[in-house]
There are 2 protein chains.
Amino acid sequence: MLNIATDTFAARGYNNASLAEIADRAGLTQAGVLHYFRSKSLLLTSVLERRDQGDIEQLGPERPRGLAFLRHLVDTALRNAEREGLVRLYAVLSAESVTEDHPAQAYFRDRYTGLRAFVTDALTEACGLPDPDAPRTRDAANAIIAVMDGLQVQWLLDPDAVAMAASTDLVIRSLLSTLAPDRFSN
Amino acid sequence: MLNIATDTFAARGYNNASLAEIADRAGLTQAGVLHYFRSKSLLLTSVLERRDQGDIEQLGPERPRGLAFLRHLVDTALRNAEREGLVRLYAVLSAESVTEDHPAQAYFRDRYTGLRAFVTDALTEACGLPDPDAPRTRDAANAIIAVMDGLQVQWLLDPDAVAMAASTDLVIRSLLSTLAPDRFSN
DNA sequence: GTCTATAGCTCGATAGAC
DNA sequence: GTCTATCGAGCTATAGAC
């Protein structure tokens, strides 16, 4: 049920997806869907929360740190090329969430805040930097997240023109050798 | 009129924006809007075409080349921080366009194809590379476009957490020194 | 739990008066 | 050119039978 809702939101976006279509695909009526989820926006929230378990940034307490975490991001980009549905869900909804009164706005704001902290920490640790709050580290972290997101949109529109993992890897390596040229040479 | 439509599509996305709201803001009725644009999707097309004149990638035949073009991208990121409406329009619509049967899908596919060619050329020239079709150059070009797009979404959700120009500049510099370490040192 | 039925909207588009 | 009126369709959500 949540899987079907996920696919539908991914294919159509939140606003353009209808409970009737989700219900059809799930083999019941629109009223049936609302029996389990009191409203459409609550269904979206449930979809997003479900997706957070067992995914990218929720790896449990033994999440990899430093360089291992950055490598994990490249791995994720590689695996994402085989998970178009998931990529579509986040690409479509994250951008849609910036529109007025979107029900997923708080979710994505918080998600990015958390991701930024993770990546900033990983960079600081991998590079052995003294100050975890250095603006340049923060800029680099934001850029790494941004490049992964932006590549997804290009890839969804034109899969053959984009190598998500290769581009992600190239950016991370380049940033590392800028932030810590002694540790990471070109 | 097109300006009002632009703002509305930017604030609500295409699907969620209504002709009635656009008409209200423009001071006429919904039927009045359809007198000028035969359909909603034609209005969107007109908005996007209008925006292409005098903007980022349409700088006329004397578009800057090589390093100057890459600097221009950073300038654009800097100016974009003062043009939230325009940023919102492209961030929202580009992601929305990957959904099924979206009227702007062809527009954004073509736009990215053109942008990729521009940035790839600029990188090839700036770095003095022999092969304009090198995969790594293409990966770097895609990454530069992606980082600019991805930063916009983060910035719209949390303006204080993101320095679009600084992050863009950092990525471009880092990539340059990876692609051509002899010309661009850290 | 799942259904039918329906209330109560909003939407895009068209027809036609002025 | 701009309006009113309206069609036909879609939507979310609720009420209530079974």
Side-chain angles (χ1 to χ4, degrees), chain A residues 1-51 88-89 92-108, chain B residues 1-51 88-89 92-108:
Chain A
M1 171 77 239
L2 279 177
N3 286 344
I4 289 166
T6 300
D7 292 346
T8 309
F9 284 138
R12 301 225 183 272
Y14 173 76
N15 283 312
N16 206 33
S18 75
L19 295 177
E21 179 178 354
I22 294 168
D24 267 6
R25 292 217 233 172
L28 42 74
T29 63
Q30 176 244 19
V33 174
L34 286 176
H35 171 74
Y36 294 99
F37 307 91
R38 324 196 96 206
S39 74
K40 185 187 181 186
S41 94
L42 210 147
L43 174 56
L44 175 65
T45 299
S46 303
V47 162
L48 291 172
E49 275 173 4
R50 165 77 77 160
R51 274 300 169 188
R88 198 175 288 272
L89 182 76
V92 170
L93 291 182
S94 64
E96 192 179 10
S97 80
V98 313
T99 60
E100 286 175 7
D101 302 320
H102 195 282
Q105 198 166 107
Y107 171 83
F108 278 105
Chain B
M1 172 76 239
L2 279 177
N3 286 344
I4 289 166
T6 300
D7 292 346
T8 309
F9 285 138
R12 301 223 185 271
Y14 173 75
N15 283 312
N16 206 33
S18 74
L19 294 178
E21 178 177 354
I22 294 168
D24 267 5
R25 292 217 233 174
L28 42 72
T29 63
Q30 177 243 21
V33 174
L34 286 177
H35 171 72
Y36 295 99
F37 306 91
R38 326 195 94 206
S39 74
K40 185 187 180 185
S41 94
L42 209 148
L43 174 57
L44 175 65
T45 298
S46 304
V47 163
L48 291 173
E49 275 172 5
R50 166 76 77 157
R51 274 300 169 187
R88 198 174 288 271
L89 182 77
V92 170
L93 291 182
S94 64
E96 192 178 11
S97 80
V98 313
T99 59
E100 287 174 7
D101 301 322
H102 195 282
Q105 198 167 107
Y107 171 84
F108 279 105

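In what follows, every chain begins at residue 1, and chains take the letters A, B, ... in the order their sequences are listed. All figures in this text were calculated on a predicted structure; none of them were measured in a lab.
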Rounded to the nearest angstrom, tell me the gap between atom [atom1] in [X] and atom [atom2] in [N].
| X | N | atom1 | atom2 | result |
| --- | --- | --- | --- | --- |
| A:Met1 | C:dG1 | CE | P | 15 Å |
| A:Leu42 | D:dA13 | CG | P | 10 Å |
| A:Phe37 | C:dG1 | CZ | C1' | 14 Å |
| A:His35 | C:dT4 | NE2 | P | 15 Å |
| B:Phe9 | C:dC11 | CZ | P | 13 Å |
| A:Ile22 | D:dT12 | CD1 | C1' | 12 Å |

Contact between [X] and [Y] at the side-chain level, heavy atoms closer than 4.5 Å - yes or no?
| X | Y | result |
| --- | --- | --- |
| A:Leu93 | A:Phe108 | yes |
| B:Tyr14 | B:Lys40 | yes |
| A:Leu19 | A:Phe37 | no |

| Minimum heavy-atom separation for B:Leu2 to B:Ser46, with atom names? |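 For B:Leu2 and B:Ser46, the tightest heavy-atom pair comes out as CD2-CB, 4.0 Å.
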| task | Kindly give the heavy-atom pair with the smallest separation between A:Ala26 and A:Met1, and that separation in Å. | result |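 Heavy atoms of A:Ala26 and A:Met1 come nearest at CB-SD, 4.2 Å.
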| request: Mind checking the CG-CD spacing from B:Asn16 to A:Glu96? Nearest 0.5 Å is all I need. | output: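 Rounded to the nearest 0.5 Å, the CG-CD separation comes out at 7.5 Å.
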| message | Using 0.5 Å steps for rounding, measure from the CG atom of A:Leu89 to the OG1 atom of A:Thr6. | response |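 Rounded to the nearest 0.5 Å, the CG-OG1 separation comes out at 6.0 Å.
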| field | Pairing string, 5' to 3', for DNA chain C - Watson-Crick or wobble contacts under 3.5 Å, brackets [ ] where pairs cross, | to another strand | value | ||||||||||||||||||
| field | Test side chain to side chain contact (heavy atoms under 4.5 Å, CB included) applied to A:Ser39 - qualifying residues, sequence neighbours left out | value |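 Once residues adjacent in sequence are excluded, the partners of A:Ser39 under the side chain to side chain contact (heavy atoms under 4.5 Å, CB included) criterion are A:Ser41, A:Leu42.
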Scan nucleotides 12-16 of chain C against the protein and return all N/O pairs shorter than 3.5 Å with their distances rounded to 0.1 Å.
unit_1, atom_1, unit_2, atom_2, d
C:dG12, OP1, B:Lys40, NZ, 3.1
C:dG12, OP2, B:Leu19, N, 2.9
C:dG12, N7, B:Gln30, NE2, 2.9
C:dA13, OP2, B:Lys40, N, 3.0
C:dA13, N7, B:Gln30, OE1, 3.4
C:dA13, N7, B:Gln30, NE2, 2.9
C:dA13, N6, B:Gln30, OE1, 3.0

